[in-house]
> 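Quick one: structure below, then a few questions.
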Number of protein chains: 4
Amino acid sequence: MDATSSETDPPKAVPPKRPTGPRDPVRTRAAILEAATHEFRAKGLTGARVDTIAKRSGVNKRMIYHYFGGKEGLYVAVLEATYSAIRHAEGDLHLGDREPLDAICELVRFTWRYFIDHPEFLSLLGTENLHRARFLKQSSRIRDLHSPLVATLSHQLARGAEKGVIRPGIDPVQLYISIASLGFFYLSNRYTLATIFGRSMDDPASLEARGRHIEDVVLAYLRP
Amino acid sequence: MDATSSETDPPKAVPPKRPTGPRDPVRTRAAILEAATHEFRAKGLTGARVDTIAKRSGVNKRMIYHYFGGKEGLYVAVLEATYSAIRHAEGDLHLGDREPLDAICELVRFTWRYFIDHPEFLSLLGTENLHRARFLKQSSRIRDLHSPLVATLSHQLARGAEKGVIRPGIDPVQLYISIASLGFFYLSNRYTLATIFGRSMDDPASLEARGRHIEDVVLAYLRP
Amino acid sequence: MDATSSETDPPKAVPPKRPTGPRDPVRTRAAILEAATHEFRAKGLTGARVDTIAKRSGVNKRMIYHYFGGKEGLYVAVLEATYSAIRHAEGDLHLGDREPLDAICELVRFTWRYFIDHPEFLSLLGTENLHRARFLKQSSRIRDLHSPLVATLSHQLARGAEKGVIRPGIDPVQLYISIASLGFFYLSNRYTLATIFGRSMDDPASLEARGRHIEDVVLAYLRP
Amino acid sequence: MDATSSETDPPKAVPPKRPTGPRDPVRTRAAILEAATHEFRAKGLTGARVDTIAKRSGVNKRMIYHYFGGKEGLYVAVLEATYSAIRHAEGDLHLGDREPLDAICELVRFTWRYFIDHPEFLSLLGTENLHRARFLKQSSRIRDLHSPLVATLSHQLARGAEKGVIRPGIDPVQLYISIASLGFFYLSNRYTLATIFGRSMDDPASLEARGRHIEDVVLAYLRP
DNA sequence: TATGAATGAGGGTTCATTCAT
DNA sequence: CATGAATGAACCCTCATTCAT
């Protein structure tokens, strides 16, 4: 999935028959999840259609109720999988093992790159916030997923301050929110921004420029 | 309207009869627009119900079609009114008449305050971006609304650089997007953020802290 | 009005403002009647829209209720005017003053020509028969309008039989119905006929050929 | 179904529950089609109500969309079935195996009888022509359905001319249209005809008389 | 006489979900 | 486990008509 692909339905022409044989629970579940992610991302919770998800995943509509209980259950599952994915990818960076400034820089670059590569993450968060996180709150595992991130950031900020390379007193949560903000808003609002400013936000050069700008802003802020 | 009010429908118990006498086109139109803003903000385009808008505005459902042509026409009208409102409030700041650093600081504070006070702006932009600005593109007056902002920022950045109080080479559009980002993302995603970080984002102290943080970040970036 | 003009609405672009000054009851009534004839002809009773009639006639919708009481009253008025028109045109032929065979031939040619030139007559009769003449029965003047026609035909058939130029015993009503049939069915069903036979029924050559055929059939039948 | 039954809805009191068990797609489809034929015949396309069709057929309204896509799709299906029925009944006459004059006489009698027995055929054609065959044109199989009729007529006219029992040079399509005309117009317009001529067209004696008249007209025309 | 706002009933259609096989 | 028919509640929208000016 990439940031510039068209998301409208009719031209999509997804293969309606998946090559899995019958009675393969794991693949059925995965196929539904994949199709649902796409649909919820493109239309939101209310706009998404159970029929469309069934058709796209090539499974019978009844299976959605079998595996996920219903549209909302499926939506929650998509949400969990989406958050889980980014946090695991983040974990793979092993930010705790690097030098403080380097670690934060890496997090900035990773975050920006991840947002570009996973537009469903942006859309789903937007949708979930429209609903005031009503569904995310139902998920028990979500909060645990985020403590390592805060812990690592906190640790590196403290070490950086000690070493004199980072200004002291920075709140790790504020910092993370700002790192996310600078990329998230640009990408998730790129359609209205392009319209009001009359300038493409999607082409590689613009994305590259924005990436550099974000690094500049964060580094300026960290500077002691 | 404020950022913390409950938005669910049933408990809302809005006065079903508006106090306007009949045959008042101006008030009818305004009442529809107000109710629609609320409904689109709370539910998005797909989730919004025409019936609910009619009920809340106290007018006959048919009038929505009379004045706005339909649900989408009404949505476009809401979008235009919403953008128009922020740009006019911005214009009232007369940023061009101030000192460069002061002007930008004022813009930062204004933007943050405006986002807090107008949650419908955040939601509607999220909704519109879910639809890839399909409706905003239909509005002809939108782009003209934004050129003064860019012009003013550009002018003040140049003056600031000349005077040696602002680092040279800053792109005004990138800067504005960053200013908006730091507040927009925090507020529009406050529900998921509160959930994943297990910390309120909505109380006055948190809002105050975030406001100061944003100023810090922007000022650090502007510093030569 | 002619047999081949397109009748769909959107491209029609009728002048929405008629050049009459205000307060001209006669013209207002006539404008409504003209627009209604067009609309009922093109859409039938159920398909016709009061709004469309008002717009096309350039008068306020309320006037339709003022002058005709409502949609059905207007429809009855259109029906009466339509029948009245053909019978008056028929009367102008003065068929009673001609030789028997000549009179009947003239009636055949007139009927065919009138049907071609007045497609609204065909459509309105079709619509009225769908409703089992429910509205025509409300009109008191309709029946009197038709006795002269039957009387004249009867008279000429008798004279022709006496003179030996027309076979005796022909029922004038059966004959008239047949004369009307041969043209009416061809023209009112020309769209389905063209489709099932894969051959145009509307071009001048086809109309000419059908006219000759009808004359042949009637004359063969009259032959003693 | 016969020509004289009342078609208005309220007194009809159709059994609202059909005796078919659930889960019988074939019967469900057929029940919808039967109810739709009745409704479109009585009210035309615009006047027909999807709710009424659902109620009469005893199936859930949703099924109409499941099987036919919508009101128009259902109408097209009704149209196809109606045309298909008359052409198949016609085919069963095996007109090609008879003597020329006899074959044509049989066609005349069959057509008249079929029109009397299938008033829905008349009404649906009227409705379809009001819409200028817009829907019939969508049907691919319609034209093929009619070539055998023209071929047979053509063949018999040629043979009759050879044998000297039919006048040469008769166009088979014109002849067929005339045969249909003489019965179709009488029956489909019987309500207005009865009103303007003040004479019943529906009683058995009148139908019998009209049948004989039609034969007379056609035979007179065929006579060499 | 003329106008355009206002109305309530009902139009076709779509939806998430469940049932029978 | 899997299927497609079946359901009833809404949803957006349209209509003929009336009201207030």
Side-chain angles (χ1 to χ4, degrees), chain A residues 20-25 27-29 46-54 58-67 69-74, chain B residues 21-29 46-54 58-74, chain C residues 20-25 28-29 45-54 58-67 69-74, chain D residues 20-29 45-54 58-74:
Chain A
T20 66
R23 320 232 158 198
D24 184 342
R27 289 183 84 154
T28 298
R29 233 192 95 98
T46 327
R49 299 290 166 243
V50 175
D51 268 292
T52 306
I53 294 170
V59 312
N60 186 276
K61 200 172 18 166
R62 188 66 186 77
M63 292 296 94
I64 290 173
Y65 293 86
H66 183 70
Y67 284 110
K71 191 190 191 185
E72 295 197 350
L74 177 54
Chain B
R23 306 249 131 204
D24 186 341
V26 177
R27 289 181 85 154
T28 298
R29 230 191 99 101
T46 327
R49 297 294 166 241
V50 174
D51 268 291
T52 306
I53 295 170
V59 310
N60 187 281
K61 191 170 33 161
R62 188 60 185 79
M63 289 294 93
I64 291 173
Y65 296 88
H66 187 65
Y67 285 109
F68 299 97
K71 192 192 194 184
E72 295 198 349
L74 178 54
Chain C
T20 66
R23 320 234 159 193
D24 184 342
T28 297
R29 232 192 96 97
L45 173 57
T46 327
R49 298 293 166 241
V50 175
D51 268 294
T52 307
I53 294 171
V59 311
N60 186 277
K61 198 171 22 163
R62 188 65 187 78
M63 292 296 94
I64 290 174
Y65 293 86
H66 183 70
Y67 285 111
K71 192 191 191 185
E72 295 197 350
L74 178 53
Chain D
T20 67
R23 304 251 132 204
D24 186 342
V26 177
R27 288 180 85 154
T28 297
R29 231 191 97 100
L45 174 56
T46 326
R49 297 292 166 243
V50 173
D51 268 292
T52 306
I53 294 170
V59 311
N60 187 281
K61 190 167 40 157
R62 187 63 185 77
M63 289 292 94
I64 291 174
Y65 295 87
H66 187 65
Y67 284 110
F68 299 97
K71 190 190 195 185
E72 294 197 351
L74 178 52

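Chain letters run A, B, ... following the sequence lines, proteins first, then strands; residues in each count from 1.
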> Going by side-chain contact (heavy atoms from CB on, under 4.5 Å), name the residues that satisfy it together with D:Arg49, two or more places apart in sequence or in a different chain.
C:Thr46, D:Glu39, D:Thr52, D:Lys71
> Taking 4.0 Å as the cut-off, does a side-chain nitrogen or oxygen of A:Thr28 come that near to OP1 or OP2 on F:dC1?
no
> If you take atom types as modelled and just measure distance, does the side chain of B:Asn60 reach the base of E:dG8 with a donor-acceptor pair under 3.5 Å?
yes
> Which residue lies toward the 5' end of DNA chain F, C:Val50 or B:Thr46, if each is placed at its nearest nucleotide?
B:Thr46
> To the nearest Å, give me how far apart CZ (A:Arg29) and P (F:dA2) are.
13 Å
> Among F:dC12, F:dA5, E:dG8, which is the nearest nucleotide to the side chain of D:Pro25?
F:dA5
> Which residue lies toward the 5' end of DNA chain E, D:Leu45 or A:Lys71, if each is placed at its nearest nucleotide?
D:Leu45
> With nearest nucleotides of DNA chain E determined for A:Asp51 and D:Arg49 from heavy-atom distances, which residue corresponds to the more 5′ nucleotide?
D:Arg49
> Which is true for A:Ala54 with a 4.0 Å heavy-atom rule: it touches a base, it touches only sugar-phosphate, or it touches nothing?
nothing
> Short of 4.0 Å, heavy atom to strand atom, which residues of residues 62-70 of chain B count as contacting DNA chain F?
B:Arg62, B:Tyr65, B:Gly70
> So if I take every side-chain heavy atom of D:Lys61 and compare against F:dA10, F:dA2, F:dA16, which nucleotide ends up nearest?
F:dA10
> Please report, rounded to the nearest Å, how far the P atom of E:dG4 is from the CZ atom of B:Arg27.
23 Å
> What bend angle does the helix from E:dA2-F:dT21 to E:dT21-F:dA2 show across its length, from five-pair end axes and to the nearest 10 degrees?
10°
> For the CG atom of C:Leu45 and the CG atom of C:Leu74, what is their distance to the nearest 0.5 Å?
10.0 Å
> Can you list everything that forms a side-chain contact (heavy atoms from CB on, under 4.5 Å) with A:Asn60? Sequence neighbours excluded, please.
A:Arg62, A:Met63
